[in-house]
Amino acid sequence: MSNPKYQSLKVTDSSEEIGEGGTLLDTNMAESHTVSSIPSTHSSQHLMSPDSESVLTEEDQKSLRRRSQPEQTFNSVTTSQWFTVAVLCFINLINYMDRFTIAGVLTDIQDSFQINDDDGGLLQTVFILSYMIFAPIFGYLGDRFSRKAIMAFGITLWGATTLLGSFMNSFGWFLAFRAFVGIGEASYSTIAPTILSDLFIHDLRSKMLAVFYFAIPVGSGLGYIIGSETAKALGSWHWALRVTPALALIAVVLLFFIQEPERGQSDGSAHMQTTSYVEDVKDVCRNKSFMLSTAGFTCVAFVAGALAWFGPKFMHLGLQMQPGNEHIQLSEVSFIFGAITMTAGIMGVPLGAYLSTKLSKRYPRCDPVICAVGLLLSAPLLSASMIVVTVNAPLAYILVFLGEIALNLNWAIVADMLLYVVVPTRRSTAEAFQILISHAFGDAGSPYLVGVISEAIKAVLRKVNANARFGLDEPQILSQLAENVTTVVPMTTTLRTDTVEVQFKALQYSLFSTSFVEVLGGIFFLLTAAYILKDRANVDRAVAGTKFDW
C-alpha cells in the first residue's frame, strides 16, 4: 500500500495558534499558517507555557473538557460490537492460557528433559524473543492491511505449533516450537487492542480495554490450573499442551464474524492516511509519554514474567520446607497459585480502570501515577511473601494476592495511555514497538536471568554447604555470586542433586531482583506524568484537524 504524504492544510479554526518556541500567532497569521503534515504526537509546537507545563492553552483546556464528557455508554454498544469484544477477549484468554500452561508443569518438563532452572527459563525466553522480534512486522502490516486476516494467520500458527511441540521428545526441538508459538501470538497481541480503540472512545474505550486485559491474569491463572490438572489426570505433561490448540481452532472460525472498523473510526479520523514506516517510528520514539510509559511497562513485564514462570515452583519449594508438607505436589500449588492469579486479575485490572475513570476528571495526570503507586506497593508485598512462605503458607498466599492486585492495576491503564498519546494511524506500530521494548528488556530475559542467577547461587551453596546442612555464610555467597553467574553449570548437575533448601534459597535470592525492578518502574511512571497532558493534547489537535475540509 502506498504511503502518500499529507496534503498542505490551512488552519482556519482557531483565533490563536501556537508557534515555534511556544509563542502565540495572532488571528491573521493563523489564517495563513500552513503545515505540511498532520501534527504528530511529539509536535514541535509547544502546547504548554514555557514557564510551566501545568498551564494549558485554551485549546488544550477545551480538549480536556471534551474528554471529560462521555460520548458513549454501554447502552449504546451494538450487538455486533459486543460480539467483537467477546471474541477478542476469548482469544486473549486462550493466548495467555497457552503461555503459562508450561509454567504449571515446569518441574515435570525439567525432569523429562533433564534440564536445570536456566534452561527451564530459556523455554519462556525463546518464546518471548520470537514474539518481540516479529511484533514490529505485524505492527507494520496491521496499520496497512486486513487485521482479521493477519490475526487468523497468527492464531492458526501458534495453535498448530503448540500442538506439534507437545509431541517433541528432544529438548532442542521442543525449544524451537516454542519460538514458533511466539511468532503466531505476536500477530494477535499487536493488532487486537487497535480494533477496540477504533470501536470505542474515551471512558468506554477504557472500560473495554479493562475487559480485554482482564483476560491476561485470568488466562494466566487458567494456564496454571489447566496445565497441572490435565497433566495430573492424563498422566503426562504432554497432554497439557493439547488443550489450547483446540480452542484456537474455534477462535479462528469466530474471528471471521467480527466487525473490523476503519482505522481511527471512533476518533472521527477514519480518513487519515498513513505515513511512511520511518516517520511512524520516529514519531513514537520522540513521544516522551509513550517512551517513559513503555519503560515503566517494561519493568512490569520483567516482574510478571519472572514471577509467573517461577512462582508456582518457588511456592512449592517453600511449602516443602514446612514440617509435614514434604510430600506436597506441584499440581496442588499450581492450582492455588492459578486461582490467586485469576482472582487478583479479576479485582486488579478493573480496579485500575475504575480509579482511572473516577480520578481523571479531577486529576488529568492520574493514569501514570496510579501505575507508579501500584508498582511501589507491589514490591514490598511480593518480597514479604518470599520471606514468610517457609513458615506461614496462608500469609504468603495473601501477600502474593495483594501484590498481584497492585501489579495488575497497570494493564488496562498502560494500554489506554498508548492509545490516547498516539495518533490513530500509528497505533499498531506503537503497540508493536511497545511489545518489542517491553519484552526485549522485560519478560524475554527475566525467566532466563532468574534461572541463571539461581544456578549460580546453587553452585555457591554447594560449596558452602557440602554436608547438605543449611548453615549459610551470607557474605561468602554474595562474594562468589558474581563469579558464578557467568559460569556455565554442567548439564550433569540436575535438580535431583540439590536439597529442597538449596533449590529454594537459590530461587529466593534470584527472585528478590524483581522488587528492585518494580521500584524502577514506579519511577518511570512518575516521570511519565510530567508529559502526559501535553502529548495527549497533541493527538487531540491532530485528530480535530482532520475534521475540516481544507
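Any value given below was found using the heavy atoms of this structure, including those in side chains, with hydrogens, waters and symmetry copies removed.
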With sequence neighbours excluded, residues passing side-chain hydrogen bond (donor to acceptor under 3.5 Å, both in side chains) with S513: none
What pair of heavy atoms forms the shortest contact from S130 to G182, and how long is it? OG-CA, 3.4 Å
Can you find a heavy atom in the side chain of C371 that is under 4.5 Å from one in the side chain of L409? no
Rounded to the nearest 0.5 Å, how far does CE of M347 lie from CD1 of I405? 4.0 Å
Using a 4.5 Å cut-off on heavy atoms from C-beta on, say whether the side chain of I102 contacts that of R178. yes
Between the main-chain N or O of V349 and the side-chain N or O of N408, is there a donor-acceptor pair closer than 3.5 Å? no
Which residues satisfy the side chain to side chain contact (heavy atoms under 4.5 Å, CB included) test with C89, sequence neighbours excluded? V85, V211, F212
Run M291 and F433 through side chain to side chain contact (heavy atoms under 4.5 Å, CB included) and show every step you take. CA-CA 10 Å; M291 293 301 295; F433 189 83; 3.6 Å; yes
Minimum heavy-atom distance between V450 and A306, given as atom pair plus value: CG2-CB, 3.9 Å
Residues that T101 engages under side-chain hydrogen bond (donor to acceptor under 3.5 Å, both in side chains), provided they are two or more places apart: none
Answer whether the closest heavy-atom distance between the side chains of T84 and I195 falls below 4.5 Å. yes
In this structure, are over 12 heavy atoms from other groups packed under 6.0 Å from F153 atom CZ? no
Note: G159 and A248 closest approach over all heavy atoms is CA-CB, 4.1 Å
How long is the span from the CG atom in L292 to the CD1 atom in I532, to the nearest 0.5 Å? 9.5 Å
Quick one: does K288's side chain have a donor or acceptor within less than 3.5 Å of a partner on Y531's backbone? no
F297: which residues meet the ring pair (Phe, Tyr, Trp, His ring centres under 6.0 Å) condition with it, sequence neighbours left out? W411
V414 side chain reached by L418 side chain, heavy atoms, under 4.5 Å: no
Residues forming a side-chain hydrogen bond (donor to acceptor under 3.5 Å, both in side chains) with S510, sequence neighbours excluded: none
Would you please test Y420 and D367 for side-chain hydrogen bond (donor to acceptor under 3.5 Å, both in side chains) and show each step? CA-CA 11 Å; Y420 65 63; D367 283 353; 2.7 Å; yes
Straight-line distance of L88 CG to F83 CZ, nearest 0.5 Å: 9.5 Å
Over all atoms of both residues, closest heavy-atom pair of L255 and A152: CD2-N, 3.4 Å
Quick one: side-chain hydrogen bond (donor to acceptor under 3.5 Å, both in side chains) partners of T162, sequence neighbours excluded? D98
Let's go through L381 and E404 carefully: what are the C-alpha distance in whole Å and the side-chain angles of both, what is the deciding distance for side chain to side chain contact (heavy atoms under 4.5 Å, CB included) to 0.1 Å, and is it a yes or a no? CA-CA 9 Å; L381 290 169; E404 288 195 357; over 6 Å; no
CZ of R147 to CD1 of I258: how many Å apart, nearest 0.5 Å? 9.0 Å
Which atom names give the shortest non-hydrogen contact between T514 and V303, and what distance separates them? O-CG2, 3.4 Å
Can you list the residues that meet the side chain to side chain contact (heavy atoms under 4.5 Å, CB included) rule with F134, with sequence neighbours excluded? I137, F138, I183, A186
Is a side-chain donor or acceptor of S446 paired with a backbone partner of F302 at a separation under 3.5 angstrom? yes
Please lay out, stage by stage, how L375 and N410 fare under the test side chain to side chain contact (heavy atoms under 4.5 Å, CB included). CA-CA 8 Å; L375 284 174; N410 287 267; 4.2 Å; yes
Euclidean distance, R286 CZ relative to D283 CG, rounded to 0.5 Å: 8.0 Å
Please set out all donor-acceptor pairs under 3.5 angstrom arising from side-chain atoms of residues 517-530, sequence neighbours excluded.
residue: E518; atom: OE1; partner: A379; partner atom: N; Å: 3.3
residue: E518; atom: OE2; partner: S378; partner atom: OG; Å: 2.6
residue: T528; atom: OG1; partner: S293; partner atom: N; Å: 3.2
residue: T528; atom: OG1; partner: F524; partner atom: O; Å: 2.9

Side-chain touch V539/R536, heavy atoms, less than 4.5 angstrom: no
Can you sort out the partners of L175 under side chain to side chain contact (heavy atoms under 4.5 Å, CB included), two or more places apart, ordered by chain and number? L122, L123, V126, F171
For the side chain of N95 and the backbone of I91, is there at least one donor-acceptor N/O pair under 3.5 Å apart? no
Crowding at CZ, F257 (>12 non-hydrogen neighbours, <6.0 Å): no
Would F290 and M417 count as a side chain to side chain contact (heavy atoms under 4.5 Å, CB included) here? Give the steps. CA-CA 8 Å; F290 172 77; M417 283 194 292; over 6 Å; no
Heavy-atom pair of closest approach, residues S289 and D535: OG-OD2, 2.6 Å
Nearest-0.5 Å distance, CD1 of residue I413 to OG1 of residue T357: 8.5 Å
Ignoring hydrogens and angles, tell me if any N or O in the side chain of S356 forms a donor-acceptor pair with the backbone of G352 under 3.5 Å. no
Partner set under side chain to side chain contact (heavy atoms under 4.5 Å, CB included) for P350, not counting sequence neighbours: F214
Within the supplied structure, the quantity of interest is the number of heavy atoms (other residues, nucleotides, ligands) at a distance under 6.0 Å from F512 CZ; does it exceed 12? yes
Side chain to side chain, I155 and W158, heavy atoms closer than 4.5 Å: yes
